[in-house]
**Q** 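Attaching a single structure in structure tokens format; questions to follow.
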Amino acid sequence: MPDKSSLSTNSKFQIQYEAQLNASQLEAVMATEGPMLVIAGAGSGKTRTLTYRVARLVEGGVAPSSILLLTFTRKAAQQMLQRATRLLDRRCENVAGGTFHSFGNLILRKYAGALGIHSNFAIFDRVDAEALISLLRKEITQTTKNRSLPRKHTLANIFSRAVNKMIPIDDVVYDDYPHLTDELESINSIFHSYKRYKSENNFFDFDDLLIYLLQLLRTHPDIRNRIASSYRYVMVDEYQDTNKIQAEILYLLTGDNNNIMVVGDDSQSIYAFRGANFRNIMKFPEMFPGTRIIALEENYRSVQPILNLTNIIIEQAKEKYSKNLFTRKSGGSVPVLVEAQDENDQSLFIVDKIQQLGRQGIELNQIAVLFRAGYHSFDLEIELSRAQLPFIKVGGFKFVESAHIKDVLAHLRVISNPKDRISWYRILLLIEKVGPATAQKIYNAVIGEASGYTGLLTVKSKAIAGAGLKRLKDLFSIIDTYALPLEKMAEAIIEYYLPILKDRYDDHPKRTKDLEQLLTIMERYNNLEQFLTDMALEPPNTAMGDTFTVETPADDRLVLSTIHSAKGLEWHTVFIIWALDGRFPSPHALHKEEDLEEELRLMYVAATRARENLYFTYPNQVYDRSLGIVLNSPSRFIDMMSDSILEKQSAGYRSGY
């Protein structure tokens, strides 16, 4: 074991730590003994600090295998160890680095027998887990004749959330899926069947790797001490994103030496919906008495005017570790708050500003538009396509690709073009007891009438039967009889479609909001064909998901992203749209202080993505149909800021066709 003094001097190191790190980073890297909490502000060199500390420990004589580096992705751990290797030498490759789940798998393979589990357990991935849940769901559906059970994806989310938060299934449903409370008995029954099946067949899902690791550490002190003594130094990245299970694992794992350093930023804790527990980072000094707290406040990303604003945003948090971000970069423009007349005015302003930036030499892939919810970008997507500005959308639904939007548009398409076979099939297959063969017969019969979509009303065929088809006929009859204008036509179709939506999608409350947004867009149009033409504008082909990676430098596309998907990234210019009170923060967050605090942190994360330019935009006079009120104020998180911190402008565009 190396002498502690050798770990606290810089004289014998080949790496010039003092020259390559700022004062706070250096303190975090050079301090080695006891618990440490590094509060790493946005853009403050968190990864650099962890990387240099790994090299520092190894160079100081610590055995690499006795250093444990836990991250949230395998890629993050690999990159840090590769960088440490380049800094020092190949000894750093032998540091134990990986995710919590991979660490759990490693330990359980060795000690599973102590829990009465075979060490050759098989691990379910998410697809496997959902397949099993689907099988169990089908069994209970056949027994109870209950056709309204949540889908497999929703059930998997509920189960995982309950496990990671260490709370009952009932609490998850009441808090996050209140429209499913009538199904609680069946949901719990499926959950217990799911756990029993896994146990009987020696299967683990990802959550089990943490659950059983925690059980092992809790119930077998001898094994816990053996594991803890193997790792003299434990480091954890993104600690603000840990859940309750992970925090307790770390507490039990560190043993008597308490040489644990966690790095994170309470101000960027935005994943409560995935089970992350904000209390972990706040209570770390209580869990580990004698904790040294180091704040990384020098920002290497943004100009000072942006940091002035983000400092004010996060200062509003009721519970936080205070920090004041600063930079040595000079210059920079004051962030701007833009008031638009309506949503389309907001979109037109952004399109024009992006075109201006392009003329100034700013590439599209250095510009991002961030939003609270996926549907917030729908109108903007239309205007970007009209202006032939290519974009990639990350997180949420892409407007013209989301299934429920396509369902509603299909009804409009058969009205516009009764020979649109694809759209006829889509709307007919939504109806219970109508399969492909029946849909073909109905389509042929309607086309044979040669009277447009109203042919469904007059066709004589045995295929035209059933309550579902009668509802569709009634819808078309109303539209035809009263010659409804476009907006009213859409309202009638959505009213018809809502029961189908509720039957097909467990997240129907969220999707209903998307349909309200569609109605808002349609209010600008008087002509059905023009509306459908705009909807058909081909967006760039792109995959969507929870993470984002710039494909190549030549991939010159604007980035549209939910804020959750943008965390950890940065752009030259950032637009934060729908910065409207009642949209950001969202209405449901107003009822719980902890939810409102997370929304505040979400705004902070969004604003700290910008390097040079930052714009907030909001449409004025927005009527919220579900709340029955008009929304017309900027987000409370940025409202009332002085002009020296946030410049106020009007968009100044006119919408309408």
Side-chain angles (χ1 to χ4, degrees), residues 1 35 50 54 57-58 62-78 80-81 84 90-126 128-129 132 160 163-164 166 194-239 242-262 275 287-288:
M1 181 181 296
L50 279 167
V54 168
L57 289 172
V58 173
V62 177
S65 60
S66 70
I67 302 170
L68 177 62
L69 172 64
L70 292 173
T71 62
F72 274 82
T73 65
R74 183 176 61 176
K75 183 178 178 181
Q78 289 174 338
M80 286 185 203
L81 296 184
R90 298 192 65 174
R91 283 179 293 169
C92 296
E93 294 177 351
N94 296 318
V95 168
T99 66
F100 279 90
H101 294 89
S102 65
F103 177 72
N105 176 60
L106 178 71
I107 298 299
L108 290 170
R109 293 291 181 191
K110 189 173 183 179
Y111 296 107
L115 297 174
I117 299 168
H118 292 294
S119 60
N120 64 340
F121 56 83
I123 299 177
F124 269 174
D125 62 18
R126 181 58 180 252
D128 295 329
L132 173 57
S160 183
V163 169
N164 283 297
M166 302 178 76
Y194 176 64
K195 290 203 300 182
R196 185 170 58 252
Y197 186 95
K198 288 187 298 177
S199 176
E200 291 173 351
N201 293 278
N202 204 31
F203 287 139
F204 278 21
D205 62 22
F206 287 153
D207 296 329
D208 290 329
L209 294 171
L210 299 183
I211 288 292
Y212 283 108
L213 174 59
L214 178 58
Q215 184 181 337
L216 178 71
L217 297 175
R218 276 177 173 174
T219 58
H220 292 78
D222 56 330
I223 295 176
R224 183 184 71 233
N225 292 334
R226 200 179 312 162
I227 297 169
S229 63
S230 299
Y231 300 106
R232 283 192 58 211
Y233 295 93
V234 177
M235 289 183 282
V236 184
D237 189 22
E238 302 285 11
Y239 188 72
T242 54
N243 60 34
K244 192 173 181 179
I245 301 172
Q246 291 162 329
E248 189 169 347
I249 287 171
L250 290 169
Y251 178 75
L252 294 171
L253 191 63
T254 51
D256 296 331
N257 62 42
N258 270 356
N259 289 336
I260 179 172
M261 182 178 92
V262 301
M287 291 184 67
F288 296 93

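Residue numbers count from 1 along this sequence.
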**Q** Given T242 and F72, is the side chain to side chain contact (heavy atoms under 4.5 Å, CB included) satisfied, shown in steps?
**A** CA-CA 9 Å; T242 54; F72 274 82; 3.8 Å; yes
**Q** Calculate, to the nearest 0.5 Å, the distance between atoms CZ and CG belonging to R109 and L209 respectively.
**A** 8.0 Å
**Q** What pairs meet the ring pair (Phe, Tyr, Trp, His ring centres under 6.0 Å) rule with one or both residues in residues 206-225, with sequence neighbours excluded?
**A** F204-Y212
**Q** For P35 and F288, work out which heavy atoms get closest and say how close.
**A** CB-CB, 3.7 Å
**Q** How far does CG of L252 sit from CD1 of I227, to the nearest 0.5 angstrom?
**A** 10.0 Å
**Q** Looking just at side-chain N and O atoms, do S160 and D207 make a donor-acceptor pair shorter than 3.5 Å?
**A** yes
**Q** Taking all non-hydrogen atoms of both residues, which atom of F203 and which atom of D208 are closest, and how far apart?
**A** O-OD2, 4.1 Å
**Q** Going by distance alone, is a donor N or O of one side chain under 3.5 Å from an acceptor N or O of the other, for Y194 and D205?
**A** yes
**Q** Do L214 and M166 pass the side chain to side chain contact (heavy atoms under 4.5 Å, CB included) test, and can you show the C-alpha distance, the side-chain angles, and the key distance before you say yes or no?
**A** CA-CA 12 Å; L214 178 58; M166 302 178 76; 4.2 Å; yes
**Q** Nearest 0.5 Å please: distance from the CE atom of M235 over to the OG1 atom of T71.
**A** 11.0 Å
**Q** How far apart are the closest heavy atoms of A76 and T73, and which atoms are they?
**A** N-OG1, 3.1 Å
**Q** CG of L253 to CG of L68: how many Å apart, nearest 0.5 Å?
**A** 6.5 Å
**Q** CZ of R224 to CD1 of I107: how many Å apart, nearest 0.5 Å?
**A** 13.5 Å
**Q** Nearest 0.5 Å, please: how far is CG in L57 from SG in C92?
**A** 9.5 Å
**Q** Looking at every non-hydrogen atom in both residues, tell me the closest pair between V234 and Y231 and how far apart they are.
**A** CG2-CB, 4.3 Å
**Q** Examine the side chains of S229 and N225 and answer whether a donor and an acceptor come within less than 3.5 Å of each other.
**A** no
